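As the structure is a prediction and not an experimental result, all values here were calculated from the model. Atoms within each ligand, like the ligands themselves, are counted from 1 in listed order.
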Amino acid sequence: MENSRRNFLASISMLAAYSAFPISSFNFGTSKKLRIALVGTGIRGTSFWGKRLVDEYSDILEFVGLCDINPGRLEFAKKFIGTNCVTFVDFDAMLKKTKPDLIIVTTVDSTHHEFIIKGLESGFDVLTEKPLTTDETKAQAIINAERQSGKNLIVGFNYRWSPYSTKIKELLANNTIGKITSIDFNWYLNTYHGASYFRRWHGLKDKGGSLWVHKSTHHFDLLNWWLDSDPEEVFAYGSLEHYGANGPFRGTNCRTCKHKTNCDYFWDITKDKRMMDLYAANEKHDDYIRDNCLFREEIDIYDKMSAQIKYANNVTVNYSLTTYSPFEGWRIAFNGTEGRIEASLDIPYNKKTDVTQAEMHAKEMEQNAMEEAEAETIIVHKLWKDYNTVLVPFERGGHGGGDKRLHDKIFKTQNEKDPYERAAGSRDGVMSAIIGIAARKSIESGTPIKIASLTDIKPSANRT
Ligand SMILES: NC(=O)c1ccc[n+]([C@@H]2O[C@H](COP(=O)([O-])OP(=O)(O)OC[C@H]3O[C@@H](n4cnc5c(N)ncnc54)[C@H](O)[C@@H]3O)[C@@H](O)[C@H]2O)c1
């Protein structure tokens, strides 16, 4: 146990691979487990960063504190996660009392910076969920705090860890199609998953930074990592044309709505005990309505988004995100000097499947990755040659198998060298969120936005 804790503590700066400051000094020599304090006991905090850690790694780690502004959710979380640790509604009190080895941040996106900065400044290492943050001022404040504290920040970019994404990285790193020149990248959220963002805080720019940041940070991080280069300039269009005030009617929330029978988006939360226990039972504390109306007038994010991104290595990217597609999936094409790579997942017309869109959403959201491996394909088409099909084992649950691999890397196999450098730190967090922030600013101003104008990190043609 001590060995595992020591390994974790010694290697945290490697996990935060792109931290400005490389190493923290840790107090070795105790026989304690790794002590974790978590803030934000919602669905992600209680399941992936809560119960799954207790279920899979309790031989080497323990929760010493849980914090949330909602006392009801906090109590539910404690039982659901299966811990006896102390609970707090005050983050500062939690830090003072528990003195953890690691703080995990799983709160609403626009609040991440508060806990990251306080944690680092108080002398603790921090792991945050994506997106790192929602605007450039907060991003700069996080960068400064990490530099000044000498502590480390890990960003939980799970998509990098799926075998499918990793295979693309391997093909590109091996120069399979020469030097990459341009990319077409389209992401389709279906009417279950896409709609879910408009039901709650994600529908407000000042909570999630819009889906440009909340959702696309995953995709932009993949691009940055696949290309091994930084973004330089972004131009974007976006509008809200389907959800929000565009809806044909609106109600207070689905449960009580008089339009239940004629709304295609009606969602019966009362059939999901976990959702009822975590959210509905605790509405009285903070008015957080999980099955809120997705046609609320206050919704101010975009549901149709498209951007052009120019990278420092001269690659140009056409990117789009759709939030009301009949199917959930994505496709990407890399054009290179020696050919083309095409990759896509879940495009229903490409292969026969008996999984419905509703089931797909449920499985995608499943926080404990299921061992349901299928083979997926990547096409490698060299100039003047016939194309080759590369087969990749694929798991549907836990974000394509990325979730559990990310956990193993952080808590089990820290010292194993990763040729794909999938561990992500603050620089990766900034450089992915900043593309979405730039896209938002581009829509607001009607002009292209230079990435270098947003924080003091200067884009580099080669990240490593
Ligand atoms: N990597 C992934 O694939 C993935 C998947 C889901 C969610 N996430 C991220 O996880 C985070 C949480 O998402 P979620 O879906 O669990 O949201 P959620 O709404 O279920 O939970 C958020 C929790 O934070 C609490 N909170 C809000 N402000 C707070 C504050 N100031 N102090 C303390 N607690 C506060 C809320 O009460 C709530 O319990 C988000 O940042 C989200 O982007 C990542």
Side-chain angles (χ1 to χ4, degrees), residues 37-52 65-78 80-81 87-95 103-119 127-134 154-162 165 193 196-197 199-204 206-211 213-219 221-222 269 274-275 277-283 285-292 361 364-367 369 397-407 424 429 432-433 436:
L38 179 142
V39 59
T41 57
I43 189 81
R44 189 73 172 163
T46 52
S47 49
F48 183 62
W49 293 110
K51 184 168 166 35
R52 191 172 193 280
L66 293 176
C67 173
D68 200 288
I69 40 174
N70 186 312
R73 204 147 40 241
L74 203 46
E75 276 319 298
F76 170 79
K78 191 171 161 176
F80 182 82
I81 292 173
T87 58
F88 301 84
V89 285
D90 178 345
F91 181 72
D92 297 340
M94 176 167 81
L95 293 196
I103 298 164
I104 299 183
V105 179
T106 50
T107 53
V108 168
D109 301 349
S110 59
T111 65
H112 288 179
H113 68 293
E114 282 175 48
F115 308 109
I116 295 170
I117 293 171
K118 271 189 187 166
L127 185 157
T128 184
E129 254 302 347
K130 50 53 59 177
L132 176 66
T133 189
T134 50
I154 303 172
V155 185
F157 278 125
N158 42 347
Y159 282 32
R160 290 181 179 203
W161 291 88
S162 85
S165 303
H193 191 188
S196 75
Y197 294 117
R199 297 186 196 280
R200 47 186 186 143
W201 52 263
H202 310 67
L204 303 177
D206 73 353
K207 297 272 196 254
S210 82
L211 294 177
V213 177
H214 175 82
K215 189 70 199 169
S216 303
T217 191
H218 276 304
H219 314 151
D221 178 64
L222 285 175
I269 190 175
R274 170 103 176 281
M275 290 280 155
D277 291 345
L278 182 63
Y279 299 107
N282 299 307
E283 284 166 1
H285 300 291
D286 60 3
D287 290 330
Y288 178 176
I289 312 292
R290 180 61 183 81
D291 61 338
N292 226 329
H361 177 51
E364 171 69 19
M365 292 298 109
E366 178 59 55
Q367 308 276 338
H399 297 98
D403 278 355
K404 67 176 181 187
R405 286 175 176 79
L406 171 67
H407 269 177
S432 56

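Near Val108, meaning under 4.0 Å from one of its heavy atoms, ligand 1 places the atoms 24 (O), 27 (C). If you number the atoms of ligand 1 from 1 as listed, the ones under 4.0 Å from a heavy atom of Arg200 come out as 15 (O), 17 (O), 18 (P), 19 (O), 20 (O). When each atom of ligand 1 is checked for a heavy atom of Pro131 under 4.0 Å away, the hits are 43 (O). Interface atoms of ligand 1 facing Asp109, defined by a heavy-atom separation under 4.0 Å, are 40 (C), 41 (O), 42 (C), 43 (O). Those atoms of ligand 1 with a heavy atom of His214 less than 4.0 angstrom away are 42 (C), 43 (O). When each atom of ligand 1 is checked for a heavy atom of His218 under 4.0 Å away, the hits are 1 (N), 2 (C), 3 (O).
The closest approach between any non-hydrogen atom of Phe157 and ligand 1 is not below 4.0 Å. Note on ligand 1: Tyr279 sits in its first shell, one or more heavy atoms being nearer than 4.0 Å.
Residue Asn158 places at least one N or O, backbone or side chain, under 3.5 Å from an N or O of ligand 1.
Of the candidates Ile69, Leu38, Ile43, Leu132, it is Ile69 that places a heavy atom closest to atom 33 (C) of ligand 1. Here atom 38 (C) of ligand 1 lies nearest to Asp68 when heavy atoms of Asp68, Thr107, Thr41 are compared. For atom 32 (N) of ligand 1, the candidate residues are Phe91, Tyr288, Tyr197, Phe115; the nearest heavy-atom contact is made by Phe115. Of the candidates Arg73, Arg44, His202, Lys130, it is Arg44 that places a heavy atom closest to atom 6 (C) of ligand 1.
Phe80 is listed as a side-chain neighbour of Arg274, based on a closest heavy-atom distance under 4.5 Å.
Of the possible donor and acceptor atoms, one in the side chain of His113 sits under 3.5 Å from a partner among the backbone N and O of Ser110.
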